[in-house]
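Shown next, in structure tokens, is the structure this report addresses.
Everything numeric here is computed off the predicted structure, so don't read it as measured data. A note on names: the letters A, B, ... follow the listed sequences, proteins ahead of strands, and every chain is numbered from 1.
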Number of protein chains: 2
Amino acid sequence: MDTKVFAHHDHAACQAEGIAVAAAVCAQKGLRLTPQRRRVLEILLSRHRAMGAYAVLAILRGEGMGNQPPVVYRALDFLVKHGFAHKIERLNAFIACTRPGAPHAPAFLICRTCDTVAEAHIDPGGGTLGDEAGAAGFTIERTVVEALGLCPKCRDAA
Amino acid sequence: MDTKVFAHHDHAACQAEGIAVAAAVCAQKGLRLTPQRRRVLEILLSRHRAMGAYAVLAILRGEGMGNQPPVVYRALDFLVKHGFAHKIERLNAFIACTRPGAPHAPAFLICRTCDTVAEAHIDPGGGTLGDEAGAAGFTIERTVVEALGLCPKCRDAA
DNA sequence: ACTTGCATTGTTATATGATAACATCACTTA
DNA sequence: TAAGTGATGTTATCATATAACAATGCAAGT
Ligand SMILES: [Zn+2]
Ligand SMILES: [Zn+2]
Ligand SMILES: [Zn+2]
Ligand SMILES: [Zn+2]
């Protein structure tokens with residue numbers, strides 16, 4: 001799990017690696033990491049928080065890289081579709097993936113005080129829910145798992 | 001788990017019980033299950049599907065029980081706050097609780113074909129995620145767990 | 001009955017999140 | 001060059017949710 005995000009870490013490396021991996025995966029799969037898409041990913045990578053589409057759009061606007069909602073939604077759709085970003089349903093917001101390229105079932109730890117979001121990885125068919133789904137004949141294709149609470153730093157501060 | 005919702009069952013009993021339990025809990029806790037709130041709960045209980053706030057509002061309108069968004073959002077807030085309904089984050093929609101009154105951590109199985117939603121119950125601090133959160137010092141207060149896939153009926157039909 | 005306080009409801013307006021539709025541009029390939 | 005495809009620009013609109021304030025209803029205490 002990437003709970004390092006709750007503590008000090010080499011964040012410049014986070015960002016650089018995120019972009020580098022995305023670029024490598026795109027090159028390998030024949031996808032086009034266009035300037036807009038790359039910039040949106042950079043924006044998401046700039047912090048370990050989820051950002052709303054319109055917050056991203058505001059930044060793009062300031063840089064002359066797009067003025068209308070579809071611009072940012074298209075970029076976000078691309079990033080989410082290919083696993084470079086995730087949508088946090090609870091927040092209607094988006095965050096860069098910390099394990100891009102590799103297929104995985106993400107889960108998120110969301111601090112209600114500082115809004116930091118850590119990405120964990122789970123077995124989508126595992127646990128109690130997987131057992132019950134199996135017993136009921138329900139086929140799980142995708143999971144949304146988001147835990148809300150307090151990160152260690154904010155808990156200690158309280 | 002209430003996966004009976006994927007098959008034939010005595011649904012009239014579902015509805016009657018939902019209302020009866022809500023009324024009993026409200027009486028016991030000094031809450032007011034007003035006509036509007038009761039009616040919204042009845043609407044949610046009418047099917048094992050999540051309904052958008054505006055879909056509920058459309059029904060209320062047809063019955064002269066409210067014309068503006070705040071009417072339905074207030075009723076939904078009340079029902080969610082006191083555990084008579086849940087919000088499905090993935091769908092921006094609401095569903096009646098199948099275990100009202102008792103505190104619980106719900107999880108949902110959402111069929112992408114027929115839109116039926118079953119409510120399961122999980123241990124919020126259990127499983128891989130709970131372990132990882134504990135290891136990271138993250139305190140889980142609430143969980144959003146939504147599995148998307150195919151219910152047995154729709155899978156057999158495919 | 002009166003009044004005081006508080007929860008609920010009515011209503012207007014607006015904020016926030018997301019997509020449809022269509023024109024234009026750019027890059028690839030025949 | 002021409003056609004085909006994917007990406008971008010742009011307008012308009014839809015969908016979801018809340019702020020703010022007025023009016024009403026209800027209960028407790030006098
Ligand atoms: Zn980092
Ligand atoms: Zn925090
Ligand atoms: Zn039923
Ligand atoms: Zn189904």
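Closest approach of A:Arg155 and B:Gly137 over heavy atoms only: NH1-O, 3.5 Å. Taking every heavy atom of both residues into account, B:Pro69 and B:Tyr54 meet most closely at CG-OH, 3.4 Å.
At whole-Å resolution of the value, CG in A:Leu57 and P in C:dA18 are 12 Å apart. At whole-Å resolution of the value, CG in B:Asn92 and C1' in C:dT19 are 14 Å apart. Distance, A:Asp77 CG to D:dG6 P: 16 Å, rounded to whole Å. Between the CG atom of B:Leu91 and the P atom of C:dG17 there is a distance of 18 Å, given to the nearest Å. The CZ-P distance, from B:Phe94 to D:dT16, rounds to 10 Å in whole Å.
A donor-acceptor contact under 3.5 angstrom links the side-chain atoms of A:Tyr54 to the base of C:dA18.
The phosphate of D:dA17 (OP1 or OP2) has a side-chain N or O of B:Lys87 nearer than 4.0 angstrom. For the pair B:Tyr73 and D:dT18, the criterion of a side-chain N or O lying under 4.0 Å from OP1 or OP2 is not met.
Hydrophobic clustering (ILVMFWY, side-chain heavy atoms < 4.5 Å, transitive): B:Ile140 and A:Phe108 are in distinct clusters.
Using a cutoff of 4.0 Å between basic side-chain nitrogens and carboxylate oxygens, A:Arg90 and B:Glu89 are scored as salt-bridged.
Put simply, the side chain of B:Val40 does not reach to within 4.5 Å of the side chain of B:Val71, judged on heavy atoms.
A donor-acceptor pair shorter than 3.5 Å can be found between the side chains of A:His104 and A:Glu119.
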* To do: Using a 4.0 Å heavy-atom cut-off, write out nucleotides 6-12 of chain C from 5' to 3' as B (base contacted by protein), S (sugar-phosphate only) or - (no contact).
  => --SBBBB
